[in-house]
Asker: 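My questions will all concern the structure given below.
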Amino acid sequence: MYISFDPQTGKIEFGTGRSTREFKGKSLLNFIDEYIVFDLETTGLDPSYDDIIEIAAIHIKSGSVIAEYQSLINPGYEIDEFITNLTGITNEMLYDAPGIQDILPSFIDFLGDHILIAHNANFDINFLYDNCIVHLGKPLSNDFVDTMRLGRWLFKDLPNHKLDTMLEHFKICGCVEHRAHTDALNVYRCYEYMKKYATENGIDIKELIKKKKTHFKVSNITATVYNFDESHPFYQKVVVFTGALEKMVRREAAQIVANLGGICADTVTKNTNYLVLGNLDYCKTIRDGKSTKLKKAEQLKLAGADIEIISENVFLDMIAER
DNA sequence: TCTCCTCGAGATCT
DNA sequence: CTCGAGGAGA
(Lines give C-alpha, C1' and ligand atoms only; values in the text may rest on other atoms or scores of the structure.)
Protein backbone atom coordinates (compact mmCIF):
# COMPACT_ATOMS: atom_id res chain seq x y z
CA MET A 1 0.00 0.00 0.00
CA TYR A 2 1.30 3.45 -0.80
CA ILE A 3 0.48 7.05 -0.06
CA SER A 4 1.20 9.77 -2.58
CA PHE A 5 0.85 13.48 -2.14
CA ASP A 6 0.40 16.30 -4.64
CA PRO A 7 1.65 19.60 -3.20
CA GLN A 8 -0.24 21.66 -5.83
CA THR A 9 -3.68 20.34 -4.97
CA GLY A 10 -2.86 18.95 -1.54
CA LYS A 11 -4.46 15.78 -2.79
CA ILE A 12 -3.62 12.50 -1.10
CA GLU A 13 -3.88 9.20 -2.91
CA PHE A 14 -3.82 5.68 -1.57
CA GLY A 15 -3.04 2.73 -3.76
CA THR A 16 -1.13 -0.49 -4.10
CA GLY A 17 2.61 -0.69 -4.64
CA ARG A 18 5.51 1.15 -3.11
CA SER A 19 5.39 4.60 -1.56
CA THR A 20 7.60 7.07 -3.34
CA ARG A 21 7.70 9.67 -0.56
CA GLU A 22 9.18 12.08 -3.05
CA PHE A 23 9.27 15.03 -0.64
CA LYS A 24 11.33 13.21 1.93
CA GLY A 25 14.48 14.96 3.14
CA LYS A 26 17.96 13.79 2.27
CA SER A 27 19.87 11.19 4.26
CA LEU A 28 23.04 12.95 5.42
CA LEU A 29 26.31 11.62 6.82
CA ASN A 30 27.35 14.80 8.62
CA PHE A 31 28.38 15.56 12.15
CA ILE A 32 26.44 18.60 13.25
CA ASP A 33 26.18 20.74 16.36
CA GLU A 34 22.42 21.23 16.59
CA TYR A 35 19.84 18.57 15.83
CA ILE A 36 16.83 16.68 17.13
CA VAL A 37 17.25 13.00 17.91
CA PHE A 38 14.00 11.05 18.00
CA ASP A 39 12.49 7.61 18.28
CA LEU A 40 9.08 6.01 17.79
CA GLU A 41 7.45 2.92 19.21
CA THR A 42 4.87 1.43 16.88
CA THR A 43 2.47 -1.49 16.67
CA GLY A 44 4.63 -3.13 13.98
CA LEU A 45 7.16 -2.65 11.19
CA ASP A 46 5.01 -1.49 8.28
CA PRO A 47 3.96 2.17 8.12
CA SER A 48 0.96 1.34 5.94
CA TYR A 49 -0.52 -1.16 8.39
CA ASP A 50 0.91 -0.15 11.75
CA ASP A 51 0.59 2.89 14.00
CA ILE A 52 2.68 5.01 16.33
CA ILE A 53 2.13 4.38 20.05
CA GLU A 54 4.95 6.45 21.50
CA ILE A 55 6.98 9.39 20.32
CA ALA A 56 10.01 11.10 21.85
CA ALA A 57 12.40 13.77 20.64
CA ILE A 58 15.37 15.49 22.22
CA HIS A 59 16.70 18.80 20.94
CA ILE A 60 20.48 18.93 21.23
CA LYS A 61 22.75 21.92 20.82
CA SER A 62 26.52 21.77 21.32
CA GLY A 63 26.26 18.44 23.06
CA SER A 64 23.60 19.45 25.58
CA VAL A 65 19.87 18.85 25.84
CA ILE A 66 17.96 22.09 25.36
CA ALA A 67 14.41 20.74 24.98
CA GLU A 68 12.50 17.48 25.09
CA TYR A 69 9.18 16.17 23.82
CA GLN A 70 7.56 12.89 24.64
CA SER A 71 4.15 11.28 24.66
CA LEU A 72 2.36 7.98 24.51
CA ILE A 73 -0.19 7.78 21.70
CA ASN A 74 -3.46 5.87 21.63
CA PRO A 75 -3.69 4.12 18.25
CA GLY A 76 -7.47 3.68 18.58
CA TYR A 77 -7.33 -0.06 19.08
CA GLU A 78 -5.84 -2.67 21.42
CA ILE A 79 -2.18 -3.41 20.88
CA ASP A 80 -1.06 -7.03 20.85
CA GLU A 81 0.95 -8.99 23.37
CA PHE A 82 4.10 -9.04 21.28
CA ILE A 83 4.39 -5.26 21.35
CA THR A 84 3.58 -5.10 25.06
CA ASN A 85 6.31 -7.65 25.77
CA LEU A 86 8.76 -5.80 23.56
CA THR A 87 8.15 -2.28 24.83
CA GLY A 88 6.47 -2.67 28.19
CA ILE A 89 3.70 -0.42 26.91
CA THR A 90 0.29 -1.78 27.95
CA ASN A 91 -3.25 -1.02 26.80
CA GLU A 92 -3.93 0.54 30.23
CA MET A 93 -1.07 2.97 29.65
CA LEU A 94 -2.48 3.97 26.28
CA TYR A 95 -6.07 4.31 27.44
CA ASP A 96 -5.80 7.96 28.49
CA ALA A 97 -3.16 8.88 25.92
CA PRO A 98 -3.95 11.37 23.14
CA GLY A 99 -4.43 10.26 19.54
CA ILE A 100 -1.79 10.90 16.88
CA GLN A 101 -3.93 13.69 15.37
CA ASP A 102 -3.78 15.54 18.72
CA ILE A 103 -0.03 15.15 19.05
CA LEU A 104 1.26 15.67 15.54
CA PRO A 105 0.82 19.47 15.17
CA SER A 106 2.79 20.29 18.31
CA PHE A 107 5.33 17.56 17.63
CA ILE A 108 6.03 18.79 14.09
CA ASP A 109 6.24 22.29 15.50
CA PHE A 110 8.83 21.02 17.99
CA LEU A 111 10.88 19.48 15.15
CA GLY A 112 10.83 22.70 13.13
CA ASP A 113 13.40 22.76 10.34
CA HIS A 114 16.05 20.97 12.36
CA ILE A 115 18.00 18.02 11.10
CA LEU A 116 16.64 14.81 12.59
CA ILE A 117 18.68 11.90 13.87
CA ALA A 118 17.54 8.32 14.45
CA HIS A 119 18.84 4.78 14.27
CA ASN A 120 17.78 3.18 10.98
CA ALA A 121 16.25 6.59 10.40
CA ASN A 122 14.19 5.57 7.38
CA PHE A 123 11.96 3.49 9.62
CA ASP A 124 10.97 6.40 11.87
CA ILE A 125 11.03 9.01 9.11
CA ASN A 126 8.66 6.97 6.94
CA PHE A 127 6.14 6.50 9.75
CA LEU A 128 6.25 10.19 10.51
CA TYR A 129 6.09 11.18 6.84
CA ASP A 130 2.96 9.14 6.19
CA ASN A 131 1.25 10.35 9.36
CA CYS A 132 2.03 13.95 8.45
CA ILE A 133 0.40 13.55 5.07
CA VAL A 134 -2.71 11.90 6.50
CA HIS A 135 -3.18 14.15 9.54
CA LEU A 136 -1.57 17.44 8.51
CA GLY A 137 -1.97 17.31 4.74
CA LYS A 138 1.74 17.97 4.18
CA PRO A 139 4.87 15.82 4.02
CA LEU A 140 7.82 15.76 6.41
CA SER A 141 10.84 17.08 4.52
CA ASN A 142 13.50 17.51 7.19
CA ASP A 143 16.90 16.16 6.22
CA PHE A 144 18.11 13.46 8.57
CA VAL A 145 21.15 11.54 9.76
CA ASP A 146 20.99 7.77 10.22
CA THR A 147 23.29 6.58 13.03
CA MET A 148 23.18 3.06 11.62
CA ARG A 149 24.49 4.23 8.27
CA LEU A 150 27.13 6.30 10.03
CA GLY A 151 28.13 3.27 12.12
CA ARG A 152 28.53 1.13 9.02
CA TRP A 153 31.04 3.59 7.59
CA LEU A 154 32.98 4.17 10.80
CA PHE A 155 32.86 0.70 12.33
CA LYS A 156 32.75 -1.68 9.39
CA ASP A 157 34.02 -4.66 11.39
CA LEU A 158 31.24 -4.89 13.95
CA PRO A 159 29.25 -8.14 13.70
CA ASN A 160 26.14 -6.02 13.01
CA HIS A 161 24.96 -2.45 13.43
CA LYS A 162 21.94 -2.82 15.65
CA LEU A 163 21.63 -0.05 18.22
CA ASP A 164 22.31 -2.56 21.00
CA THR A 165 25.55 -3.75 19.42
CA MET A 166 26.82 -0.23 18.84
CA LEU A 167 25.98 0.85 22.40
CA GLU A 168 27.89 -2.11 23.74
CA HIS A 169 30.89 -1.46 21.53
CA PHE A 170 30.93 2.22 22.50
CA LYS A 171 30.70 1.21 26.16
CA ILE A 172 27.58 3.31 26.59
CA CYS A 173 25.70 1.92 29.55
CA GLY A 174 22.15 0.64 29.27
CA CYS A 175 20.70 -1.48 26.55
CA VAL A 176 17.80 -0.82 24.20
CA GLU A 177 14.67 -0.57 26.30
CA HIS A 178 12.29 -0.13 23.39
CA ARG A 179 10.85 2.96 24.98
CA ALA A 180 10.99 6.06 22.82
CA HIS A 181 12.71 8.44 25.23
CA THR A 182 15.46 6.12 26.50
CA ASP A 183 16.17 4.87 22.99
CA ALA A 184 16.38 8.43 21.67
CA LEU A 185 18.79 9.26 24.50
CA ASN A 186 20.96 6.30 23.53
CA VAL A 187 20.95 7.31 19.87
CA TYR A 188 22.09 10.78 20.97
CA ARG A 189 24.96 9.21 22.96
CA CYS A 190 25.88 7.05 19.98
CA TYR A 191 25.95 10.01 17.64
CA GLU A 192 28.10 12.11 19.97
CA TYR A 193 30.44 9.15 20.48
CA MET A 194 30.91 8.75 16.73
CA LYS A 195 31.37 12.50 16.32
CA LYS A 196 34.15 12.46 18.93
CA TYR A 197 35.67 9.32 17.44
CA ALA A 198 35.78 10.79 13.94
CA THR A 199 37.24 14.09 15.18
CA GLU A 200 39.91 12.46 17.32
CA ASN A 201 40.97 10.11 14.55
CA GLY A 202 40.79 12.69 11.79
CA ILE A 203 38.19 10.73 9.86
CA ASP A 204 36.13 12.54 7.25
CA ILE A 205 33.24 10.40 6.03
CA LYS A 206 33.10 12.24 2.71
CA GLU A 207 36.75 11.28 2.12
CA LEU A 208 35.99 7.71 3.14
CA ILE A 209 33.24 7.48 0.56
CA LYS A 210 35.35 9.16 -2.08
CA LYS A 211 38.14 6.65 -1.52
CA LYS A 212 35.79 3.71 -1.92
CA LYS A 213 34.25 5.24 -5.00
CA THR A 214 37.52 5.59 -6.87
CA HIS A 215 36.66 3.17 -9.56
CA PHE A 216 38.28 -0.20 -9.10
CA LYS A 217 40.56 -1.08 -12.00
CA VAL A 218 41.94 -4.55 -12.69
CA SER A 219 44.97 -2.90 -14.27
CA ASN A 220 46.11 -1.93 -10.76
CA ILE A 221 46.35 -5.55 -9.70
CA THR A 222 49.87 -6.94 -9.48
CA ALA A 223 51.09 -10.49 -8.94
CA THR A 224 51.55 -11.73 -5.40
CA VAL A 225 53.85 -14.55 -6.53
CA TYR A 226 57.09 -14.32 -8.49
CA ASN A 227 57.73 -17.67 -10.11
CA PHE A 228 55.60 -17.95 -13.22
CA ASP A 229 54.93 -20.91 -15.44
CA GLU A 230 56.18 -19.41 -18.68
CA SER A 231 54.32 -21.97 -20.74
CA HIS A 232 50.91 -20.91 -19.41
CA PRO A 233 48.70 -19.39 -22.15
CA PHE A 234 48.16 -16.24 -20.04
CA TYR A 235 51.86 -15.65 -19.39
CA GLN A 236 52.68 -12.09 -20.49
CA LYS A 237 49.34 -11.86 -22.28
CA VAL A 238 46.93 -8.94 -21.94
CA VAL A 239 43.55 -10.01 -20.51
CA VAL A 240 40.34 -7.93 -20.39
CA PHE A 241 37.04 -8.83 -18.71
CA THR A 242 33.53 -7.86 -19.77
CA GLY A 243 30.26 -8.63 -17.94
CA ALA A 244 29.74 -10.28 -14.59
CA LEU A 245 31.45 -13.61 -13.90
CA GLU A 246 29.30 -16.30 -12.31
CA LYS A 247 31.89 -18.23 -10.30
CA MET A 248 33.92 -15.36 -8.90
CA VAL A 249 34.09 -11.58 -8.82
CA ARG A 250 36.28 -9.81 -11.30
CA ARG A 251 38.84 -8.85 -8.68
CA GLU A 252 39.57 -12.53 -7.87
CA ALA A 253 39.76 -13.50 -11.52
CA ALA A 254 42.15 -10.66 -12.25
CA GLN A 255 44.38 -11.65 -9.32
CA ILE A 256 44.59 -15.20 -10.66
CA VAL A 257 45.56 -13.91 -14.10
CA ALA A 258 48.20 -11.64 -12.57
CA ASN A 259 49.64 -14.56 -10.58
CA LEU A 260 49.92 -16.57 -13.79
CA GLY A 261 52.09 -13.81 -15.18
CA GLY A 262 49.31 -12.23 -17.21
CA ILE A 263 48.57 -8.52 -17.56
CA CYS A 264 45.06 -7.29 -16.77
CA ALA A 265 43.75 -4.26 -18.67
CA ASP A 266 40.54 -2.24 -18.39
CA THR A 267 39.80 -1.63 -22.05
CA VAL A 268 40.11 -3.56 -25.29
CA THR A 269 42.92 -2.30 -27.52
CA LYS A 270 45.06 -3.74 -30.32
CA ASN A 271 47.36 -5.08 -27.58
CA THR A 272 44.62 -7.18 -25.99
CA ASN A 273 45.14 -10.95 -26.27
CA TYR A 274 42.10 -12.35 -24.42
CA LEU A 275 38.61 -11.02 -23.78
CA VAL A 276 36.83 -13.02 -21.06
CA LEU A 277 33.08 -12.96 -21.59
CA GLY A 278 30.91 -12.77 -18.46
CA ASN A 279 27.16 -12.48 -18.28
CA LEU A 280 25.88 -9.31 -19.97
CA ASP A 281 22.16 -10.02 -19.53
CA TYR A 282 21.63 -7.83 -16.49
CA CYS A 283 22.65 -4.65 -18.28
CA LYS A 284 19.51 -3.09 -19.77
CA THR A 285 21.47 -0.55 -21.76
CA ILE A 286 22.97 -3.33 -23.88
CA ARG A 287 20.37 -3.87 -26.59
CA ASP A 288 22.01 -6.46 -28.82
CA GLY A 289 23.60 -8.45 -25.97
CA LYS A 290 27.06 -7.14 -26.82
CA SER A 291 29.09 -4.77 -24.68
CA THR A 292 31.32 -2.15 -26.24
CA LYS A 293 34.33 -4.22 -25.22
CA LEU A 294 32.98 -7.25 -27.09
CA LYS A 295 32.17 -5.24 -30.22
CA LYS A 296 35.63 -3.77 -30.26
CA ALA A 297 37.22 -7.17 -29.77
CA GLU A 298 35.25 -8.66 -32.69
CA GLN A 299 36.31 -5.76 -34.87
CA LEU A 300 39.98 -6.21 -33.97
CA LYS A 301 39.79 -9.95 -34.57
CA LEU A 302 38.39 -9.38 -38.08
CA ALA A 303 41.26 -6.97 -38.70
CA GLY A 304 43.67 -9.79 -37.88
CA ALA A 305 44.66 -8.87 -34.33
CA ASP A 306 46.00 -11.53 -31.98
CA ILE A 307 42.89 -11.59 -29.80
CA GLU A 308 40.77 -14.46 -28.55
CA ILE A 309 37.26 -14.11 -27.15
CA ILE A 310 36.67 -16.78 -24.51
CA SER A 311 33.70 -17.74 -22.34
CA GLU A 312 33.85 -17.94 -18.58
CA ASN A 313 33.94 -21.75 -18.73
CA VAL A 314 36.94 -21.74 -21.05
CA PHE A 315 38.58 -19.18 -18.80
CA LEU A 316 37.98 -21.40 -15.75
CA ASP A 317 39.51 -24.39 -17.54
CA MET A 318 42.53 -22.32 -18.48
CA ILE A 319 43.21 -21.17 -14.93
CA ALA A 320 42.48 -24.57 -13.37
CA GLU A 321 45.38 -26.34 -11.70
CA ARG A 322 46.94 -29.04 -13.79
C1' DT B 1 38.26 11.15 -16.08
C1' DC B 2 33.51 11.88 -14.17
C1' DT B 3 28.46 11.19 -13.65
C1' DC B 4 24.42 8.48 -14.01
C1' DC B 5 22.05 4.04 -14.67
C1' DT B 6 20.49 -1.02 -13.26
C1' DC B 7 20.51 -4.92 -10.53
C1' DG B 8 21.02 -8.08 -6.59
C1' DA B 9 22.34 -8.89 -1.84
C1' DG B 10 21.95 -7.78 2.92
C1' DA B 11 20.35 -5.36 7.12
C1' DT B 12 17.49 -2.85 10.57
C1' DC B 13 13.38 -0.82 12.68
C1' DT B 14 8.42 -2.40 15.99
C1' DC C 1 17.02 1.46 2.31
C1' DT C 2 21.97 1.36 1.14
C1' DC C 3 25.91 -0.38 -1.05
C1' DG C 4 28.89 -2.62 -4.50
C1' DA C 5 29.59 -4.41 -9.21
C1' DG C 6 29.42 -3.31 -13.71
C1' DG C 7 28.19 -0.70 -18.13
C1' DA C 8 27.43 3.54 -20.99
C1' DG C 9 28.32 8.13 -22.47
C1' DA C 10 30.30 12.76 -22.29
Side-chain angles (χ1 to χ4, degrees), chain A residues 18-21 24-29 38-56 73 75 79-89 117-130 144-153 155-156 158-167 176-180 183-184 186-187 190 205 208-219 240-246 248-254 266-268 275-296:
Chain A
R18 227 185 70 222
S19 298
T20 52
R21 299 195 181 93
K24 226 171 102 169
K26 290 191 294 285
S27 174
L28 310 174
L29 285 166
F38 79 110
D39 187 52
L40 307 178
E41 303 307 316
T42 69
T43 59
L45 295 173
D46 189 339
S48 52
Y49 296 117
D50 300 311
D51 294 287
I52 300 171
I53 54 172
E54 187 175 38
I55 207 160
I73 291 164
I79 62 171
D80 63 41
E81 208 176 312
F82 177 82
I83 295 300
T84 296
N85 287 336
L86 183 71
T87 63
I89 299 171
I117 299 191
H119 197 73
N120 191 20
N122 282 297
F123 173 81
D124 303 88
I125 291 280
N126 287 348
F127 261 97
L128 221 42
Y129 185 100
D130 291 357
F144 56 92
V145 177
D146 181 359
T147 47
M148 183 179 77
R149 196 172 162 223
L150 224 35
R152 283 182 176 151
W153 279 107
F155 302 93
K156 274 214 168 358
L158 289 182
N160 62 65
H161 298 83
K162 293 175 182 174
L163 183 55
D164 247 339
T165 307
M166 285 172 54
L167 288 172
V176 175
E177 271 186 38
H178 292 295
R179 287 300 300 267
D183 285 2
N186 278 331
V187 173
C190 257
I205 308 255
L208 230 55
I209 296 171
K210 216 172 202 175
K211 245 182 204 172
K212 272 285 181 303
K213 274 203 171 164
T214 50
H215 212 46
F216 166 75
K217 298 192 320 193
V218 291
S219 53
V240 176
F241 296 90
T242 185
L245 299 173
E246 313 262 345
M248 61 185 86
V249 294
R250 193 178 290 194
R251 188 188 301 256
E252 295 174 70
D266 306 304
T267 55
V268 173
L275 177 66
V276 181
L277 219 47
N279 189 354
L280 296 162
D281 290 347
Y282 71 94
C283 190
K284 280 274 166 40
T285 50
I286 298 176
R287 288 168 180 277
D288 50 9
K290 293 181 180 180
S291 67
T292 50
K293 285 177 185 172
L294 176 53
K295 286 176 192 163
K296 192 159 184 187

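Chain letters run A, B, ... following the sequence lines, proteins first and then strands; every chain starts at 1. The basis for the numbers below is simple: all heavy atoms, side chains too, and nothing from hydrogens, waters or symmetry mates.
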Asker: The side chain of A:Asp39 lies closest to which of these nucleotides: C:dT2, B:dT12, B:dT14?
Answerer: B:dT14
Asker: Using a cut-off of 4.0 Å on non-hydrogen atoms, how would the nucleic acid contact of A:Asp80 be classed: base, sugar-phosphate, or nothing?
Answerer: nothing
Asker: Would you say B:dA11 has OP1 or OP2 under 4.0 Å from some side-chain N or O of A:His161?
Answerer: no
Asker: When the nearest nucleotide of DNA chain B is assigned to A:Val176 and to A:Arg152 on a heavy-atom basis, which residue is associated with the more 5' position?
Answerer: A:Arg152
Asker: Considering only B:dT14, C:dT2, B:dT12, which nucleotide approaches the side chain of A:Asn160 most closely?
Answerer: B:dT12
Asker: Report the distance from atom CD of A:Glu177 to atom C1' of B:dT14, rounded to the nearest whole Å.
Answerer: 16 Å
Asker: Using the side-chain heavy atoms of A:Lys24, tell me which of these nucleotides is nearest: C:dT2, C:dC1, B:dT12.
Answerer: C:dC1
Asker: For the pair A:Asp124 (side chain) and A:Asp39 (backbone), establish whether a donor and an acceptor sit closer than 3.5 Å, ignoring hydrogens and angles.
Answerer: no
Asker: Would you say A:Ser48 and A:Asp130 make side-chain contact, with heavy atoms under 4.5 Å?
Answerer: no
Asker: Under 4.5 Å between any side-chain heavy atoms of A:Ile55 and A:Leu128, yes or no?
Answerer: yes
Asker: B:dT14, B:dC13, C:dT2: which one has an atom nearest the side-chain heavy atoms of A:Leu86?
Answerer: B:dT14
Asker: Tell me whether the OP1 or OP2 atom of C:dT2 has a side-chain N or O from A:Asn122 closer than 4.0 Å.
Answerer: yes
Asker: Applying the Watson-Crick and G-U wobble criteria at under 3.5 Å, what pairs with B:dA11? Answer none if nothing qualifies.
Answerer: none
Asker: Could you tell me which residues satisfy side chain to side chain donor-acceptor pair (under 3.5 Å) with A:Asp183, sequence neighbours excluded, listed by chain and number?
Answerer: none
Asker: Select one nucleotide: of B:dT14, B:dT12, C:dG7, the one nearest the side-chain heavy atoms of A:Thr242.
Answerer: C:dG7
Asker: Assign A:Phe82 to base, sugar-phosphate, or nothing according to its heavy-atom contacts below 4.0 angstrom with the strands shown.
Answerer: base
Asker: Counting only side-chain heavy atoms from C-beta out, which of B:dT14, B:dC13, C:dG4 sits nearest to A:Trp153?
Answerer: C:dG4
Asker: Name the closest nucleotide to the A:Leu163 side chain, picking from B:dT14, B:dC13, C:dG7.
Answerer: B:dC13
Asker: Which is true for A:Leu40 with a 4.0 Å heavy-atom rule: it touches a base, it touches only sugar-phosphate, or it touches nothing?
Answerer: sugar-phosphate
Asker: Does the side chain of A:Ser27 come under 3.5 Å of the side chain of A:Asp146 through a donor N or O and an acceptor N or O?
Answerer: no
Asker: Has A:Arg149 got a side-chain N or O lying under 4.0 Å from the OP1 or OP2 atom of B:dA11?
Answerer: no
